[in-house]
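So the structure is just underneath, and the comments pick up after that.
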Amino acid sequence: MSATRHRTIAGGVHHVLDYLRRMQAENPSFFYAIQGDNDHTSGNIFWADATSRMNYTYFGDTVIFDTIYKTNHYRVPFASFTGLNHHGQPVLFGCALILNESEFSFAWLFQTWLRAMSDRHPVSITTDPDPLIQMAVSQILPETRVRFNRWSICKETQEKLAHIYRSHPTFETEFKKCINETGTINEFESSWVSLLERYFVMDNEWLQSMYNARQQWVPVYLRGTFFGELSITEKNGGLNSFFEGFVNASTTMQMLIKQYEKAVASWHEKELKADYDTTNTTPVLKTPSPMEKQAANLYTRRIFMKFQEELVETLANPATKIDDSGTVTTYRVAKFGEDHKAHTVSFTCFEMKASCSCEMFEISGIICRHILAVFRAKNVLTLPLQYVLKRWTRNAKSGAALEERASELPNNSRESLTVRYNSLRQEVIKYVEEGAKSIHIYNVAMDALHEALKKVAAAKNQSPTSAEDGGALSNGGNQELHAAGDTETVACQSSAEKENKIRDLTMELESTNQRCEVYKANLLAVLRDMEEQKLKLSVKVQNARLSLKE
């Protein structure tokens with residue numbers, strides 16, 4: 001990092017740290033940590049809010065460590081840990097400023113992130129093919145399946161082989177076809193050798209290095225591991241876009257926090273809308289299958305659409321029995337006219353279990369058309385529950401994950417506050433959904449809420465503050481102590497400190513206004529839907545009256 005760039009970043013780091021301290025003062029479940037030095041300008045910084053930490057308990061099975069700032073030459077070395085929620089939308093698990101790119105620093109970052117996530121290791125993680133990151137991941141997450149981001153690999157391949165791309169326009173298409181469309185390891189190996197021979201690049205060092213690392217990025221080698229991909233033909237290799245459109249190459253350190261908050265608010269609004277659409281609208285069923293109706297009631301809307309797509313495809317993918325050992329029956333499933341792309345499905349009738357050679361369920365958690373074709377042939381009318389992954393359902397955030405996490409935490413731990421906060425939040429969401437269903441229920445809900453607030457206020461006045469709800473607590477490792485409270489009084493503040501306080505309160509007011517705008521937009525959307533429903537009902541009543549008159 002150049003001296004000029006270091007000074008520019010250092011000037012903005014203190015702005016970020018002020019924000020992190022303020023956020024933790026507002027909510028002790030807000031986690032942040034700083035690595036190393038005293039001036040905080042050369043050590044990495046990590047933070048995760050309470051929502052990110054709780055979302056990880058539901059959706060932390062697969063993670064993306066996004067360091068796009070490196071490949072796209074951002075002014076700010078901003079990285080993020082993200083995943084997918086039950087709507088298939090990006091969800092945040094934490095953010096970092098990478099001020100020191102070394103194996104030790106990346107190891108510190110992954111260790112700190114893991115501690116913030118209650119030491120729960122993900123099943124899989126997708127990262128850029130950076131040697132320093134790979135060494136850190138293998139050290140901190142030794143049992144997690146690592147995948148390289150195919151988007152980064154394809155981009156770097158285009159740069160390394162620019163002369164071949166220019167002289168052979170068909171190379172890129174054939175290269176991607178070899179990677180994404182080969183169905184077996186043998187098919188990939190054969191296609192790869194053929195590609196290299198056709199374009200006379202057998203001795204190319206870059207392609208050789210990519211081939212040596214094929215088990216970390218070529219899809220056929222990654223089967224059997226959950227990555228949350230909603231399609232087995234997904235081409236982006238898991239690239240997440242949580243901050244796309246908010247943080248880019250021109251974003252400065254001074255702009256970062258505002259853009260970070262905008263991204264968080266935007267995705268929160270999109271999740272609320274997806275929740276509303278799933279709960280309050282009915283999808284159009286395309287078959288008379290009881291299984292389709294069952295799936296429509298179980299899955300969120302987007303996931304149901306993926307399932308429905310697979311179910312409809314069974315009409316063009318008949319299952320043909322090729323072997324029957326008594327306990328296990330083997331089927332060959334292929335689309336009409338595409339016998340060369342056939343898949344093999346093994347089905348155990350007694351246990352109602354099936355496995356397919358495409359391994360789509362293992363990769364995405366959504367059952368494939370090939371197994372569904374076998375279910376159709378065997379007259380299996382409803383989806384066996386072992387093929388319904390809770391993380392894709394409407395109830396992904398309910399019950400078990402929260403209770404499981406709460407039971408494993410000590411009563412006096414900082415995390416117990418996080419659990420209480422998010423548990424109440426989930427209950428409030430359900431309360432709002434039920435309370436808004438009619439004017440009568442709304443009035444009852446509001447009265448009950450006012451009474452509850454009075455009881456909570458009374459209990460708060462009677463109960464002494466416990467140690468776990470305040471006091472000095474360390475979120476980091478051997479860095480600075482991040483206090484939940486501040487003993488310094490306003491009267492003793494200097495003029496500069498007062499100005500900082502005014503600035504902080506102004507930023508807080510702006511953030512609150514943004515949240516209000518989000519809630520206002522959601523409320524207006526609900527009111528519009530209610531007006532549309534009233535209009536439709538009015539038309540139906542009018543038509544009914546006309547029919548009676550006739």
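All values derive from a computational prediction rather than experimental measurement.
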Using 4.0 Å as the upper bound for N to carboxylate O, is an ion pair formed by [Y] and [X]?
X	Y	value
Arg214	Glu189	yes
Lys273	Glu269	no
Lys70	Asp130	yes
Glu313	Arg369	yes

Are the side chain of [X] and the backbone of [Y] linked by a donor-acceptor contact shorter than 3.5 Å?
X	Y	answer
Lys390	Ser398	yes
Ser167	His163	yes
Thr278	Asp275	no
Asp324	Thr329	no
Trp267	Phe242	yes
Thr57	Met54	yes
Ser364	Ile366	yes
Gln308	Val284	yes
Arg53	Ala116	yes
Tyr56	Phe93	no

Are any non-hydrogen side-chain atoms of [X] and [Y] less than 4.5 angstrom apart?
X	Y	result
Glu174	His168	no
Tyr74	Val247	yes
Phe31	Thr112	yes
Ile367	Phe375	yes
Ser105	Gln35	yes
Pro219	Arg150	yes
Val16	Ile257	yes
Phe347	Ile371	no

Give the minimum heavy-atom separation between [X] and [Y], together with the two atoms involved.
X	Y	result
Gly43	Leu99	O-CD1, 3.2 Å
His121	Ile140	CE1-O, 3.4 Å
Arg394	Tyr299	NE-O, 3.2 Å
Leu84	Pro90	CD2-N, 4.3 Å
Ala274	Gln89	CB-NE2, 3.8 Å
Gln134	Asp128	NE2-O, 2.9 Å

Inset, instruction - Could you go through the side chain to side chain contact (heavy atoms under 4.5 Å, CB included) check for Met291 and Leu372 one step at a time? - result: CA-CA 10 Å; Met291 190 181 289; Leu372 289 172; 3.6 Å; yes

Got a second to check how far [X]'s [atom1] is from [Y]'s [atom2], nearest 0.5 Å?
X	Y	atom1	atom2	value
Gln386	Lys353	CD	NZ	6.5 Å
Phe227	Glu362	CZ	CD	12.5 Å
Arg391	Thr62	CZ	OG1	7.5 Å
Thr279	Arg301	OG1	CZ	9.5 Å
Ile64	Ser124	CD1	OG	8.5 Å
Ile45	Leu97	CD1	CG	5.0 Å

Hey, would you say the [X] and [Y] ring centroids sit under 6.0 Å apart?
X	Y	value
Tyr199	Phe175	no
Phe110	Phe65	yes
Phe361	Tyr387	yes

Within the 3.5 Å criterion, strictly below it, is a donor on [X] or [Y] matched to an acceptor on the partner's side chain?
X	Y	value
Thr287	Glu292	yes
Asn204	Gln208	no
Asp49	Ser52	yes
Asn395	His86	no

Neighbour count above 12 (heavy atom, 6.0 Å) for [X] [atom1]:
X	atom1	answer
Lys270	NZ	yes
Glu143	CD	no
Lys177	NZ	no
Asp203	CG	no
Met135	CE	yes

Inset, instruction - Verify side chain to side chain contact (heavy atoms under 4.5 Å, CB included) between Thr251 and Phe246, making sure each step is shown before the conclusion. - result: CA-CA 8 Å; Thr251 303; Phe246 297 96; over 6 Å; no

Inset, instruction - Can you label the angle between the Phe243 ring and the Phe78 ring as parallel, tilted or perpendicular, going by 30° and 60°? - result: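 Plane angle over 60°, so perpendicular.
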
Legend entry - From CA spacing to verdict: side chain to side chain contact (heavy atoms under 4.5 Å, CB included), Trp392, Leu298: CA-CA 9 Å; Trp392 292 134; Leu298 285 171; over 6 Å; no

Inset, instruction - With side chain to side chain contact (heavy atoms under 4.5 Å, CB included) as the test, would you mind laying out the steps for Trp192 and Val218 before giving the verdict? - result: CA-CA 11 Å; Trp192 181 269; Val218 178; over 6 Å; no

Inset, instruction - Could you point out which residue of Thr127, Thr225, Thr126 forms a side chain to side chain donor-acceptor pair (under 3.5 Å) with Arg147? - result: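 Among the candidates, only Thr126 passes.
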
